[in-house]
Amino acid sequence: MTVVTRFAPSPTGRLHVGNIRTALHNWLFAQGTGGRFVLRIDDTDAERSEERHVDSIRADLAWLGLTPVEEVRQSQRFALYRRRFDELVAAGRIYPAYESAQELDLKRKVQLGRGLPPVYDRAALTLGDADRAKLEAEGARPHWRFRLDHEAPIEWHDLIRGEQHFDPATMSDPVIRRADGSWLYMLPSVIDDIDMGITHVVRGEDHVSNTALQIQMFAALGATPPAFAHEALLTGSEGKLSKRLGSVGVDQFRAAGIEPQAIRALLARLGTSDPVEPFVDVAPLVAGFDFARFGRAPARFDEAELAQLNARIVHQLSHAAVADRLPAGMGAAAWEAVRPNLATVAEAADWWRVIEGPVDAPDAGEDAAYLAQAAAAAAAIDWAGDPWHALTARLKDATGRKGKALFLPLRRALTGRDHGPDMAALLPLIGRDRAIARLSTA
Ligand code: GLU
């Protein structure tokens, strides 16, 4: 059996943390099993779906390295949905219902008032042909419900949650199509999962009760349901994922300098008992991916953890991997010199300005004479080898200074800052002439 997974976003906005995680897990599982990862655009809702969001979903997945082998669009599959819908109507598994939203609301209130669960009472099933004809003559148009089989208990072994049981008698027959003929999410998703040969449905645990209903739809359509894995939801550092954090899109992570590798490395492991590690390469994430390692407790998503992981990723990136994001002229030696000091790739530009100059050195104060000595020493040393060690060795001998007193005035004059990359790596990049000039004017 070839594994086929799908990521099924509704194109109503950018991808955010929760659905990036779902996409990633579907992709990782398919990769690890030699399977196929398909993108399904759930755009049956013409009003809320927008083409620009479809484009951004594709671009976001590409940026994350989660490329699907195929893309299908629900909006192009209405003929298939209608055909399967007609079959289920003919089989008595879908029935028309005429209650207005207000009537349903009232029924629910009455039930709740009596301490009963607000389950749809199936009044529409008692209508005869004449009742329906009369309602239609009065201008009523039906919406459509899927009739649950109350005799067939719903059970599945969830790959994350374990054994699941639902009693269909406690659930309302779900509305699957509106009076205007438009589709709700529930049935088209099942029709597609069957048609696309989906073997594993991986999604958030907010879909667990949908799965219960959909399992009966698979059966009604003559199909064996796929395997299901429902992931615990993400929470923020203080409990529930804040509205803000929950809606932070890929574009915002990207603008903040977060690398796709950091997002992958964090979201692949969050919620598992395995440590989050700064893997640049995706191979170890694929190899280590296993639903059994995920717990049922909500996983805590922490932006600070992402930022730290990002820095550890940046520290490993090759010059070739980032060259197109560096200032013109910034070569491999400069990248490697500043890389250990970066939290984001964009910060490399600050250090490139430090290398290229001009730098604003703080007033030398009582170090002025020392720096004049340093300028002279810089003119005298051999720049071909290791100029920083040559310079500091010479100054140490001449002045008896050591430690901070030896190094800090030099760093300040040469870079304008108190902290930064290893001066041994930086000084050759600053070069002889600029170094002498900076030490002289300081
Ligand atoms: N479009 C649905 C959603 O975004 C898909 C759910 C599913 O994976 O079936 O929630």
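Counting convention: from 1, in listed order, for ligands and their atoms alike. As the structure is a prediction and not an experimental result, all values here were calculated from the model.
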Does the side chain of D45 pick up a donor-acceptor pair with the side chain of Y185 at under 3.5 Å?
-> no
By number and element, which atoms of ligand 1 are closer than 4.0 Å to a non-hydrogen atom of S189?
-> 9 (O)
A8 N/O to ligand 1 N/O under 3.5 Å | yes
Evaluate the ring planes of F289 and H25, with Trp represented by its six-membered ring, and classify them as parallel (under 30°), tilted (30 to 60°) or perpendicular (over 60°).
-> tilted
Presence of salt bridge, R52 and D55, under 4.0 angstrom | no
Shortest protein heavy-atom distance from atom 10 (O) of ligand 1, along with the residue and atom involved | H207 NE2, 2.9 Å
What protein heavy atom sits nearest atom 8 (O) of ligand 1, and how far off is it?
-> R6 NH1, 2.7 Å
Near D42, which atoms of ligand 1 are under 4.0 Å from a heavy atom of that residue?
-> 1 (N), 2 (C), 5 (C)
Kindly check if the number of other-residue, nucleotide or ligand heavy atoms within 6.0 Å of CG (D129) is above 12?
-> no
Relative to each other, are the rings of Y81 and W183 parallel, tilted or perpendicular (30° and 60° limits)?
-> perpendicular
